[in-house]
Amino acid sequence: MPSRESAYKIPLKEPIGASPQYFWVSDKREIVVFRDRRSIRAFSSICPHMGSRLCFAEKTGDLFCQWHGLSYNVRSGASNQHRYQPPREYQAEIHDGVLHLYG
């Protein structure tokens, strides 16, 4: 059981793997979730630049904006071209088949 209150709880139909899964957690907020080595990573899927949907580039491990070609390194948060704030990251844990997002 989580030791604190989750911002979002998402029942999982399948395990989280290296390939990204997208979840709507509210009518305006979508999250992209994937396994990075041993940890679960969860980010807002909205590009901080102009609001496009971010896609996960499996070859590079970056989040990629299709509108302007921006990419964000998920380890550092840095953009490849600009100094935009990185996408929001949520702390994530899985307990009893439920994904808990914090933050």
Side-chain angles (χ1 to χ4, degrees):
M1 232 16 223
S3 59
R4 56 195 163 145
E5 188 63 31
S6 309
Y8 302 104
K9 298 176 186 175
I10 304 164
L12 297 174
K13 295 179 183 176
E14 58 187 65
I16 301 293
S19 294
Q21 294 183 42
Y22 291 83
F23 300 99
W24 285 98
V25 294
S26 73
D27 59 345
K28 294 183 180 181
R29 187 174 311 265
E30 185 184 45
I31 305 295
V32 57
V33 181
F34 56 92
R35 188 173 295 279
D36 181 26
R37 297 184 182 140
R38 294 182 183 208
S39 64
I40 302 294
R41 305 292 301 271
F43 292 89
S44 168
S45 68
I46 304 301
C47 181
H49 176 225
M50 292 194 62
S52 173
R53 185 178 195 228
L54 293 172
C55 299
F56 184 74
E58 291 188 46
K59 287 184 180 183
T60 62
D62 293 343
L63 292 171
F64 177 75
C65 175
Q66 296 179 57
W67 284 3
H68 300 106
L70 296 173
S71 66
Y72 297 90
N73 181 291
V74 296
R75 288 188 179 83
S76 70
S79 169
N80 66 334
Q81 297 173 0
H82 298 282
R83 292 187 210 165
Y84 293 109
Q85 187 170 4
R88 181 175 179 182
E89 182 171 9
Y90 295 83
Q91 292 180 337
E93 297 176 344
I94 297 175
H95 297 282
D96 298 325
V98 176
L99 175 65
H100 294 263
L101 301 174
Y102 307 96

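Please read all numbers here as calculations on a predicted model, not as lab measurements.
The CZ atom of Arg29 lies 4.0 Å from the OH atom of Tyr90; values are rounded to the nearest 0.5 Å. Interatomic distance, Gln91 CD to Ile40 CD1, rounded to the nearest 0.5 Å: 13.5 Å. For the atom pair Tyr72 OH and Thr60 OG1, the distance stands at 14.0 Å (nearest 0.5 Å). In this structure, CG on Asp36 lies 12.5 Å from CZ on Arg38, to the nearest 0.5 angstrom. Annotation: the span from Ile31 atom CD1 to Leu99 atom CG amounts to 9.0 Å, rounded to 0.5 Å.
Proximity of a side-chain donor or acceptor of Ser52 to a complementary backbone N or O of Cys47 within less than 3.5 Å is not detected. At distances below 3.5 Å, not a single donor-acceptor pair connects side-chain atoms of Glu89 with backbone N or O atoms of Val74.
No single ILVMFWY cluster, assembled from side-chain heavy atoms under 4.5 Å apart, contains both Leu54 and Phe23. Criterion: ILVMFWY side-chain heavy atoms under 4.5 Å apart, direct or through other members. Under it, Val33 and Tyr8 are part of a common hydrophobic cluster. The same ILVMFWY cluster, assembled from side-chain heavy atoms under 4.5 Å apart, contains both Ile10 and Ile16. No continuous path of hydrophobic side-chain contacts links Tyr102 to Val98 [ILVMFWY only; heavy atoms under 4.5 Å].
Nearest heavy atoms, Gly51 versus Ile46: CA-CG2, 3.6 Å. Minimum heavy-atom separation, Pro87 to Leu63: CG-CD1, 4.1 Å.
Using a 30° and 60° split on the angle between ring planes, Phe43 and Phe34 fall in the parallel class, below 30°.
Not counting sequence neighbours, Arg35 has no partner by the side-chain hydrogen bond (donor to acceptor under 3.5 Å, both in side chains) test.
Using a 3.5 Å distance cut-off with no hydrogens or angles, the side chains of Arg53 and Tyr22 do not pair a donor with an acceptor.
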Assess the residue pair Phe64 and Leu70 against the criterion (side chain to side chain contact (heavy atoms under 4.5 Å, CB included)); give the C-alpha distance rounded to whole Å, side-chain angles, the decisive distance to 0.1 Å, and a yes or no. CA-CA 6 Å; Phe64 177 75; Leu70 296 173; over 6 Å; no
